[in-house]
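Everything quoted here is computed from the prediction, not taken from an experiment. Any value given below was found using the heavy atoms of this structure, including those in side chains, with hydrogens, waters and symmetry copies removed. Here is the naming used below: chain letters follow the sequence lines, and residue numbers restart at 1 for every chain.
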Amino acid sequence: MRPAIALWPLKTCSALLISFLTMLIIMPGLSACGPSDGVTPITISVRDNYFDPNTIRSTPSKAVSLTFHNVGAVPHIVQIVGLTDQKVIQAGQGVTFTVTPQTRQYAIVDALYGADGMVGTLIGGAPDQQTSSPTVSPAVAVQGTGAAYKAYLLDQADQLVASAQKFAVAFASGDLPGAKVSYVSTHQHYERIAPVIRSFGTLESRLNAREYDLPDAQWTGFHRLEKALWVDGTTSGQEAIARQLVADLRELRADIEVHALLPTDVLDLSVALLDQALTTKLNGQEDRYAHTDLADLVASIEGSRAAFAVFAPFLQRADPGLRAEITARYDRFEKVAGALRGPDGVYLLYNALTPGQLRQLSDAMIAIGEPLSRVASQLK
Amino acid sequence: MKKKFTRRGVLLGAGAVGAGALLAGGGFAARAGLDELYPPSGQSYPFYGQHQPGISTPAQDRLHFAALDLVTERASDLQALLRIWSDAAATMMAGRPLGAGAAPVLYGDDTSTIPPSSDTGEALGLPAARLTITFGFGPTLFLREGKDRFGLAARRPQALIDLPSFPGDALNPDYCGGDLCVQACADDPQVAFHAVRNLARLARGLAVMRWTQLGFGRTSSTSRSQETPRNLMGFKDGTNNLKAEDTALMEKHVWVNFGDQPSWMRGGTYLVARRIHMALEVWDHNLLEEQEWVIGREKVSGAPLGKKLEFDHVDLETRDEKGNPLVPSRSHVRLAIGDGAIKILRRGYSFTDGMDARTGQLDAGLFFIAFQRDPRTQFVPLQMSLAQHDTLNEYISHTGSAIFACPPGAREGGFVGEGLFAGL
């Protein structure tokens, strides 16, 4: 059995599993994909670089429902060659194909990891026909990073919209403590994908402008609501701004859907997320009233790592040393940041961090930037 | 009118001037006034003249800038200080020590009570190093917290505004404002330091230092005799800067004109200083392509994107095969050019104040200095556009800010700012 590639620490994985469970609840598309009468359901675990089980047998000419659950840490692009299109499966998510195999073998290929041998087999009946194991060229794999990362963006955008809806409900019902909690988690979803928003006109300034960035009458978005909650101590009067936030985030989701991403774009976004953590979060200018900058800082680095993760299998071939170095540095950051939580597991407020803790965070992030920027030389 | 110089024009101009500066080392070029502009290194500029020095002077390599607050409340003290300062500035710019220099001042035969020397001494033996000293008046000289300390409020130039807040400002009050400013520029950092130190010493009891800034490398060329330097981001900066040789443009964009108000500012100009922190660690790990998109120029050549040479015309029209402009719409170059109508004379310096102990990151960047005829129509709209749209904002933040009215030059025997007190 091939060893699983441990990219993310356990706690991140479990966080993703929790978000996976949430996805099942909030995405009707997924639950509707369940097997119906007369269809054999089969579940396949998609691990970091292999399918488990690797070989599936089914009855020829009979519908079978194959559910791929990504239980690993990295995104996958899965296709049953000859039966389905490519589908992106984010970590913690699942996708179901209902197919009717003929009496032959089909290759189950991962477009990202296929060249590394991540190929399974669907056998329709007796193995009377041999098919050669398809290979995926490195060029195809790196081209796939754009699609894989886009799927991550869409997933985060979906969670962002759902979270913002709860946030807006808290505003509408005058639930101040609930709105405060919701602000933090919603803004984290935002920060995981923030740099891509620059590509969408005025959305960024509508969503995330700070006080005085815009004339007061035009100031909307997260930080206006943050100020209402933490400075004015009320939800009243801001309900319309909260509703507007949801509408703007829906627009964001739609923009991402039609946004084309090249591998260099993904790398740029990975670096840009790191930059955002190193600047506005590290200096406490992101959440001036809530002081939840550290939670956002961690979210930015999670987003940066997710963007890097789509390169990981490609780099494993091109420059395994570089991949290991970057992975170790993300790990190191997570260790530093992970220690900065209160007993309730909530990240410390910015104004509770000591100069030494800020310094550790800064050093850990700067250490990521240099090797991460070298990935560019592998994309040419 | 807009005069767009061509590559050819620049070469001719630079050739004539550069050859003179290199070969003659004294008075050289045929055009009147050029010998004032290009003394060889070690030479000195005159303090007295129509304009204050240190503005159209070819930018020296080093800067020491100081903002001071008056602690006296008497206008006569202020006048006395400006006279003392002007005399001292003329002396130091000539490369001479103050008073009797560092020699002991003896009173009779008593050698037991020798007072400190009149010059602090660290520039003794050093050349004048093209030292220039430029003085300016801040808004608080005229009105501070509603108080007219010196009876000058009615004489405040309208152009000497309180700068508005710009989007993204991260101003630290420790680097903002000031009643007075002293800009000392020289090719030797010790000569510049000496000037500020001795002027501050002369002011003791009348004015105290509010903040200072050392600049270790010029980031602008203000003359065609100079190469365009690079800023700490590694890019050539200020290629399109106004040049001292463009006298008509200098009249139009830098000097307060004959018809402008108040009359005591005619021949003067307005200085805007901004301490701009650069997130260099962040900049360093960004892809070269991204850096070039942000700036709008190629890093090595300095050429505008889509062109070959530094002084090639910035082509804001041409688009690539995907329909995107070659010079991105939110790039620094495009926004700084705007519609081409706003021009300022930039005379900034790279600085570092060590590192930020909290983050371990360099505390470094650009100490931006710009001179202009009216900040209301020049710096303010320019910065408002940059602050709102410039992608460079992801890598920089403005941490200090000040504005000063720099009066015209002093006539020999007079002092800088004399006109402010006429009839008082």
When rounded to the nearest 0.5 Å, the distance separating CG of A:Leu267 from CD of B:Glu290 is 10.5 Å
How long is the straight-line distance from CG of B:Leu287 back to OG of A:Ser373, given to the nearest 0.5 Å?
7.5 Å
Which of A:Asp363, A:Ile368, A:Asp268 touches chain B most, by non-hydrogen pairs under 4.5 Å:
A:Asp268
Can you tell me how far OG1 of A:Thr280 sits from CD of B:Glu394, rounded to the nearest 0.5 angstrom?
10.0 Å
If you measure only the distance, is there a donor-acceptor pair under 3.5 Å linking the side chains of A:Ser362 and B:Gln361?
yes
Using side-chain heavy atoms (C-beta onward) and a distance below 4.5 Å, is B:Tyr395 in contact with A:Thr279?
no
Checking heavy atoms, do the side chain of A:Leu353, its backbone, both or neither come under 4.5 Å from chain B?
neither
For residues 212-227 of chain A, give me every residue with a non-hydrogen atom less than 4.5 Å from any non-hydrogen atom of chain B.
A:Tyr212, A:Asp213
Could you walk me through whether B:Asn286 and A:Asp275 pass side-chain contact (heavy atoms from CB on, under 4.5 Å), step by step?
CA-CA 9 Å; B:Asn286 266 270; A:Asp275 292 352; 2.6 Å; yes
What part of B:Ala170 lies closer than 4.5 angstrom to a heavy atom of chain A: side chain, backbone, both or neither?
neither
At a 4.5 Å cut-off on heavy atoms, which part of B:Met384 comes close to chain A: side chain, backbone, both, or neither?
neither
Are A:Leu282 and B:Arg358 close enough that some pair of their side-chain heavy atoms sits under 4.5 Å apart?
no
Identify the heavy atoms of A:Arg198 and B:Arg330 that sit nearest to each other, and give their distance.
O-NH1, 4.2 Å
Under a 4.5 Å heavy-atom cut-off, does chain A meet the side chain of B:Thr359, its backbone, both or neither?
both
Less than 4.5 Å to any heavy atom of chain B: does that hold for the side chain of A:Arg359, its backbone, both, or neither?
both
Crowding at CZ, A:Arg332 (>12 non-hydrogen neighbours, <6.0 Å):
no
Chain A contact via B:Asp356 - which portion, at a heavy-atom distance below 4.5 Å:
neither
